[in-house]
Protein chains: 4
Amino acid sequence: MFLTVDADDKRPLYQQIADGVKALIASGELREGMALPSVRQLAGDLGVNLNTIAVAYRQLQEEGFLRVRHGAGTVVTSERPTRIEEEALRKPLRSALTQWILGGRDDSEIVAAVRRELALIHQKGESR
Amino acid sequence: MFLTVDADDKRPLYQQIADGVKALIASGELREGMALPSVRQLAGDLGVNLNTIAVAYRQLQEEGFLRVRHGAGTVVTSERPTRIEEEALRKPLRSALTQWILGGRDDSEIVAAVRRELALIHQKGESR
Amino acid sequence: MFLTVDADDKRPLYQQIADGVKALIASGELREGMALPSVRQLAGDLGVNLNTIAVAYRQLQEEGFLRVRHGAGTVVTSERPTRIEEEALRKPLRSALTQWILGGRDDSEIVAAVRRELALIHQKGESR
Amino acid sequence: MFLTVDADDKRPLYQQIADGVKALIASGELREGMALPSVRQLAGDLGVNLNTIAVAYRQLQEEGFLRVRHGAGTVVTSERPTRIEEEALRKPLRSALTQWILGGRDDSEIVAAVRRELALIHQKGESR
DNA sequence: GTGGTCTAGACCACG
DNA sequence: GTGGTCTAGACCACC
């Protein structure tokens, strides 16, 4: 579990943690059925409040990524969320691409960066 | 000027407005030297408070996109911010791509969507 | 915390407060990691609106002097901004020196005053 | 007359102009009895509004630097303002020095910079 | 006319 | 508890 929180990040702590878990799932580092650290454990590791972890886990549960089994810890759910509607995915992508354009990149540079980034995301999950 | 604010959006109003202006600049709809509506005017159009617009404009000024001249109006800066370092651009891109992967898309689908989105962004600025 | 606001001062209140905090940091009275009063507390102490303090704190955060943690408090940043380029520092110095010359002082008087002023700035931080 | 206005400067235009004239007087470039350009002329040269120049000249007149002779133009006054009280001079000096300290300079560096700056100010007036 | 600042008071989000 | 956002409305400074 390589999760970190960054005080300079503008996102709230619980969001950073939830996003971090999602990234681990996306990369394949966390697979279906694998157990997550307990709320107490992770809170201790990251040096944050118990509540903060609980909020992150609850959000992930509501989104269907985790299953909390009473008294038996938290595991990555076997049934992944169904194919998400494209409309919801476009907004953050468009926003990210806009920043690249404003940063002075042309389309071919951006597409190359996207390919590079996708490779990096997948690579992490394979190295295990 | 096609700016809108969305109450369901999690971002604060002033951020939505600032992002909207940036998008207009990225698309070429707003070009160097063009005047923006006055804070009062835009506040009236969008149905938000005058101060909210002022905050958005000030942020854009600090980021180098606008020149706010006290007593005169607000115009798009002629000299755009220099090429932004890649590191700052990667985080939001990576985050957006992660969501696409979790949404069940494979890499080729994602790259196609990126190309589509880039075309859409540029298209807007050309229709004038 | 010896911060005051002066109605006769031409600078806006939030700027006076931000400058005051900077002066306390420069003198060493406020050191890395020290907590600042909450916006509500300081607003009450100075008799200004809560928002005015928030604006001052946000500006100081953007300049790298403070770390504002939502839900927790505000502390002096551990890593100070790196060495600032001389060009930005010269303008206000030149302006101040010009006034001394117009006020009828010769160079040796001015240099003596500068030494005196520097000593005063540092002195404050040591008396603790 | 080497006066310029800078749109990036935070000071209002009339203040930049007034400060510029003061700097020319301090350096000796403008001496007692010398005529200043007319309001119209200077407004045209700088590309600013007539009123803006008028405000700057009026401020300089109130401070005793200029004498406006009805229908006969504006000249640098022969009787310079008396020795200004030190208290008024200290505030901007202290503010400028604080910035140098925060910028990472130690006292000897600052004193050296002050000597350099004083020399530069005087030098300008001699080269004519 | 323009933008800038400030207030009082409300409500929300975070830890 | 903390800070963040927003409003309504006031007054000021600039051009």
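What you are looking at is a predicted structure, and each value in this text was computed from that prediction instead of being measured. Residue numbers start from 1 in every chain, and the chains themselves are labelled A, B, ... in the order their sequence lines are given, proteins ahead of strands.
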| said: Suppose we screen for salt bridge (charged side-chain N to carboxylate O under 4.0 Å, His left out). Which residues come up paired with E87(D), at least two apart in sequence or across chains? | reply: R90(D)

| Separation of atom CD1 in I53(C) from atom P in dC6(E), rounded to whole Å | 10 Å

| Listed once per pair and sorted, the salt bridge (Lys or Arg N to Asp or Glu O under 4.0 Å) pairs that draw on residues 12-27 of chain C, sequence neighbours left out | R11(C)-D19(C), K22(C)-E63(C)

| query | In whole Å, what is the span from the CZ atom of R58(C) to the P atom of dT2(F)? | reply | 18 Å

| Nearest to side-chain heavy atoms of S38(C), which nucleotide of dC6(F), dG3(F), dC15(F) | dG3(F)

| query | How long is the span from the OG1 atom in T77(A) to the CG atom in L60(A), to the nearest 0.5 Å? | reply | 11.5 Å

| task | Could I get the full list of side-chain hydrogen bond (donor to acceptor under 3.5 Å, both in side chains) partners for R58(B), not counting sequence neighbours? | result | none

| field | Residue whose nearest DNA chain F nucleotide is more 5′ - V48(B) or A72(C) | value | A72(C)

| message | With a 4.0 Å cutoff (strictly under), does any side-chain N or O of T74(C) reach OP1 or OP2 of dG3(F)? | response | yes

| remark: Rounded to whole Å, the CD-P distance (Q15(D) to dC14(F)) equals 8 Å

| note | Between CD of Q41(B) and C1' of dG1(E) the distance, given in whole Å, is 12 Å

| Counterpart residues, side-chain contact (heavy atoms from CB on, under 4.5 Å), relative to V39(A) (two or more places apart) | L50(A), I53(A), Y57(A)

| field | Partner set under side-chain hydrogen bond (donor to acceptor under 3.5 Å, both in side chains) for E86(A), not counting sequence neighbours | value | R116(B)

| field | Per T52(B) side chain, nearest of listed nucleotides dC6(F), dC14(E), dG4(E) | value | dC6(F)

| message | From CZ of R67(B) over to P of dG3(E), roughly how many Å is that when rounded to an integer? | response | 15 Å

| request: Check whether any side-chain heavy atom of L3(A) lies under 4.5 Å from a side-chain heavy atom of D45(A), and answer yes or no. | output: no

| field | Rounded interatomic separation in angstrom, taking CD from Q59(D) and C1' from dC14(F) | value | 13 Å

| message | Taking the minimum atom-to-atom distance to the side chain of P12(A), which one of dG3(E), dG15(E), dC6(F) wins? | response | dG15(E)

| said: Among residues 4-11 of chain D, which ones have heavy-atom contacts with DNA chain E below 4.0 Å? | reply: none

| remark: Dot-bracket assigned to DNA chain E with the 3.5 Å Watson-Crick/G-U criterion, [ ] for crossing and | for other-strand pairs, is ||||||||||||||.

| note | With the side chain defined as heavy atoms from C-beta on, L13(C) is closest, among dC14(E), dG3(E), dT7(E), to dT7(E)

| message | Using the side-chain hydrogen bond (donor to acceptor under 3.5 Å, both in side chains) criterion, which residues pair with Q61(A)? Sequence neighbours excluded. | response | none

| said: If you compare every side-chain N and O of Y57(C) against the phosphate oxygens of dG3(F) (OP1, OP2), does one of them come in below 4.0 Å? | reply: no

For nucleotides 9-12 of chain F, print each protein N/O atom paired with a nucleotide N/O atom at under 3.5 Å, atom names and distance only.
residue	atom	partner	partner atom	Å
dG9(F)	O6	N51(B)	ND2	3.1

| request: Between A54(C) and G71(B), name the one whose nearest nucleotide on DNA chain F is closer to the 5' end. | output: A54(C)

| L36(C) CG to dT2(F) C1', straight-line distance once rounded to whole Å | 14 Å

| task | Would you mind reporting whether L46(D) and Q16(D) have side-chain heavy atoms less than 4.5 Å apart? | result | no

| request: For residues V21(B) and L30(B), determine if any side-chain heavy atom of one lies less than 4.5 Å from a side-chain heavy atom of the other. | output: yes

Only distances under 3.5 Å count here; give the side-chain donor-acceptor pairs of residues 64-73 of chain B to other protein atoms, sequence neighbours excluded, each with its distance to 0.1 Å.
residue	atom	partner	partner atom	Å
R67(B)	NH2	D8(D)	OD1	3.0

| field | Whole-Å gap separating P (dT2(F)) and CD (Q61(C)) | value | 17 Å

| task | Answer yes or no: does a side-chain N or O of Y14(B) lie under 4.0 Å from OP1 or OP2 of dC6(F)? | result | no

| note | Residue pairs passing the side-chain hydrogen bond (donor to acceptor under 3.5 Å, both in side chains) test with at least one member in residues 93-102 of chain B, sequence neighbours excluded, are E117(A)-R94(B)

